[in-house]
Amino acid sequence: MTSKHPAQVLFTEKHPLTAEFDMEFHTGEDRSLTVTVTTPSSFADRDGQHVHTGFHTLLLDTVLGACAIGELQESMPIATIKLTCSHLHRLKIGEAISCKAIWDGEENEIAFLRGHIKRDADGKVISHAIGSFMTGTTSKPLASKS
Amino acid sequence: MTALFQSKVSSWLQAEPTSEASVYKTVFAERHLGNIWIRSLHGGVTGTMIELAAEAETRGMLEEEANLMIVSNSVDYLRVTKDADLYARATIARKSRRLCIVDVTCWQDGEDIPIARGVVTIKIG
């Protein structure tokens with residue numbers, strides 16, 4: 001039986017995000033994680049034909065974070081510190097894409113990753129990102145603070 | 001701006017303008033969660049709202065049908081969020097003939113307790 005990527009255990013069909021997008025997880029030997037998905041109509045932009053670049057951002061944050069979860073030595077929560085995305089091209093609704101994140105390392109409880117989205121049809125880079133994540137966050141959410 | 005908030009991405013975010021100029025709102029929905037155990041918003045949801053707010057503010061300054069392309073978005077996540085509505089204030093830092101740079105600050109409990117800030121670069125034309 002093929003073991004699941006730790007992030008795939010987190011992003012099960014019960015997670016609201018993955019319940020909506022049919023994502024497939026593929027682990028790479030270069031400390032990477034690739035997620036394949038089809039651009040959803042639910043993120044259609046005002047023209048009704050392209051997805052809004054916000055979907056690129058959402059996917060990159062998800063996959064970079066998921067890659068970090070998989071590379072950590074022990075299971076722990078993470079939180080995005082900074083995410084910078086560049087959008088080179090637009091995507092139409094219904095396009096098959098691959099989002100790849102690469103682990104660059106961890107230092108002082110901060111994990112560093114980079115990633116990109118490519119269109120499967122022609123391999124063109126659509127968006128790319130660099131991100132940093134706090135590992136083992138102990139911060140309480142606003143709701144629990146009085 | 002009207003067409004933007006009638007788009008499907010706005011529906012997914014449940015995003016809408018508020019009665020205050022330059023302030024936009026995302027009404028919380030379960031699908032917006034990132035960490036389902038502490039029930040915090042997905043960072044990408046915040047990032048998407050920042051892009052949407054920046055675009056809305058830019059369209060408000062230009063004509064509704066202006067040809068715009070969001071080329072970059074850099075977000076600092078300042079605090080852990082909760083399962084509640086998200087507000088975003090967009091301020092145009094600089095608009096030239098071809099570029100618009102927009103600062104966006106997000107909050108939930110109060111604008112003096114921001115949960116994220118972003119800088120969005122938009123190509124005009």
Side-chain angles (χ1 to χ4, degrees), chain A residues 10-12 14-21 40-48 50-66 69 77-90 93 127-134 137-145, chain B residues 1-13 15 29-52 55 59 64-65 68-84 107-109 113 115-116 118-121 123:
Chain A
L10 168 66
F11 290 107
T12 66
K14 295 181 181 179
H15 190 284
L17 197 69
T18 47
E20 188 156 345
F21 309 122
S41 60
S42 55
F43 270 75
D45 206 340
R46 54 196 297 277
D47 68 1
H50 295 87
V51 290
H52 194 275
T53 52
F55 179 74
H56 309 196
T57 300
L58 180 77
L59 183 61
L60 283 162
D61 185 60
T62 298
V63 181
L64 264 64
I69 289 171
I78 65 168
T80 314
I81 297 173
K82 191 177 185 81
L83 182 72
T84 299
C85 300
S86 294
H87 304 305
L88 287 72
H89 302 285
R90 301 295 303 274
I93 299 165
S127 294
H128 59 75
I130 55 172
S132 55
F133 297 80
M134 182 68 75
T137 178
T138 58
S139 182
K140 296 178 182 178
L142 292 175
S144 65
K145 294 181 180 177
Chain B
M1 193 183 335
T2 302
L4 180 62
F5 287 106
Q6 290 177 342
S7 64
K8 286 197 172 181
V9 60
S10 287
S11 294
W12 192 91
L13 277 177
E30 288 292 312
R31 59 179 177 271
H32 297 162
L33 290 174
N35 187 318
I36 57 177
W37 292 285
I38 66 171
R39 295 187 61 80
S40 61
L41 295 179
H42 191 293
V45 169
T46 303
T48 300
M49 184 58 188
I50 286 173
E51 291 191 15
L52 207 73
E55 180 181 350
R59 290 196 183 280
E64 169 71 18
E65 295 304 314
L68 304 179
M69 169 69 179
I70 296 172
V71 293
S72 72
N73 179 16
S74 186
V75 180
D76 293 308
Y77 295 85
L78 307 176
R79 291 181 172 85
V80 177
T81 54
K82 61 181 180 179
D83 51 355
W107 69 92
Q108 291 185 300
D109 286 345
I113 318 172
I115 59 93
V119 180
V120 181
T121 301
K123 174 72 168 59

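For the numbers below, each heavy atom of this structure counts, side chains included, while hydrogens, waters and symmetry mates do not. Here is the naming used below: chain letters follow the sequence lines, and residue numbers restart at 1 for every chain. Everything numeric here is computed off the predicted structure, so don't read it as measured data.
From Thr57(A), atom OG1 reaches atom CD1 of Ile70(B) across 8.0 Å, with rounding to the nearest 0.5 Å. The CZ atom of Phe43(A) sits 10.5 Å away from the OG atom of Ser10(B) when rounded to the nearest 0.5 Å. A distance of 10.5 Å separates CD1 in Ile50(B) from SG in Cys85(A), rounded to the nearest 0.5 Å. Residue Asn73(B) holds its CG atom at 7.5 Å from CG of Leu83(A), rounded to the nearest 0.5 Å.
For a residue to count as touching a neighbouring chain, one of its non-hydrogen atoms must lie under 4.5 Å from one of that chain's; by this rule His89(A) touches chain B with the backbone only. Met69(B) touches chain A through its side chain: at least one heavy atom from C-beta onward sits under 4.5 Å away, while N, CA, C and O do not. At a 4.5 Å heavy-atom cutoff, Ser132(A) makes no contact with chain B through either its backbone or its side chain.
The closest side-chain heavy-atom distance from Tyr77(B) to Ile81(A) is not below 4.5 Å. Put simply, the side chain of Asp45(A) reaches to within 4.5 Å of the side chain of Leu4(B), judged on heavy atoms. Looking only at side-chain heavy atoms (C-beta outward), His52(A) and Lys8(B) stay at 4.5 Å or farther from each other. In this structure, the side chains of Leu58(A) and Val45(B) come closer than 4.5 Å at one or more pairs of heavy atoms.
With sequence neighbours left out, the side-chain contact (heavy atoms from CB on, under 4.5 Å) criterion links Glu65(B) to Arg46(A). For Thr84(A), the side-chain contact (heavy atoms from CB on, under 4.5 Å) partners are Lys82(A), Ile130(A), Ser74(B), not counting sequence neighbours.
Nearest heavy atom pair, residue Ser7(B) against residue Ala44(A), reads CB-O, 3.8 Å.
Top candidate by heavy-atom pairs under 4.5 Å with chain B, chosen from Leu59(A), Leu60(A), Asp47(A), Thr80(A), is Thr80(A).
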In sequence, state the C-alpha distance, the side-chain angles, and the governing distance for Glu51(B) and His87(A), and then conclude on side chain to side chain contact (heavy atoms under 4.5 Å, CB included). CA-CA 12 Å; Glu51(B) 291 191 15; His87(A) 304 305; 3.1 Å; yes
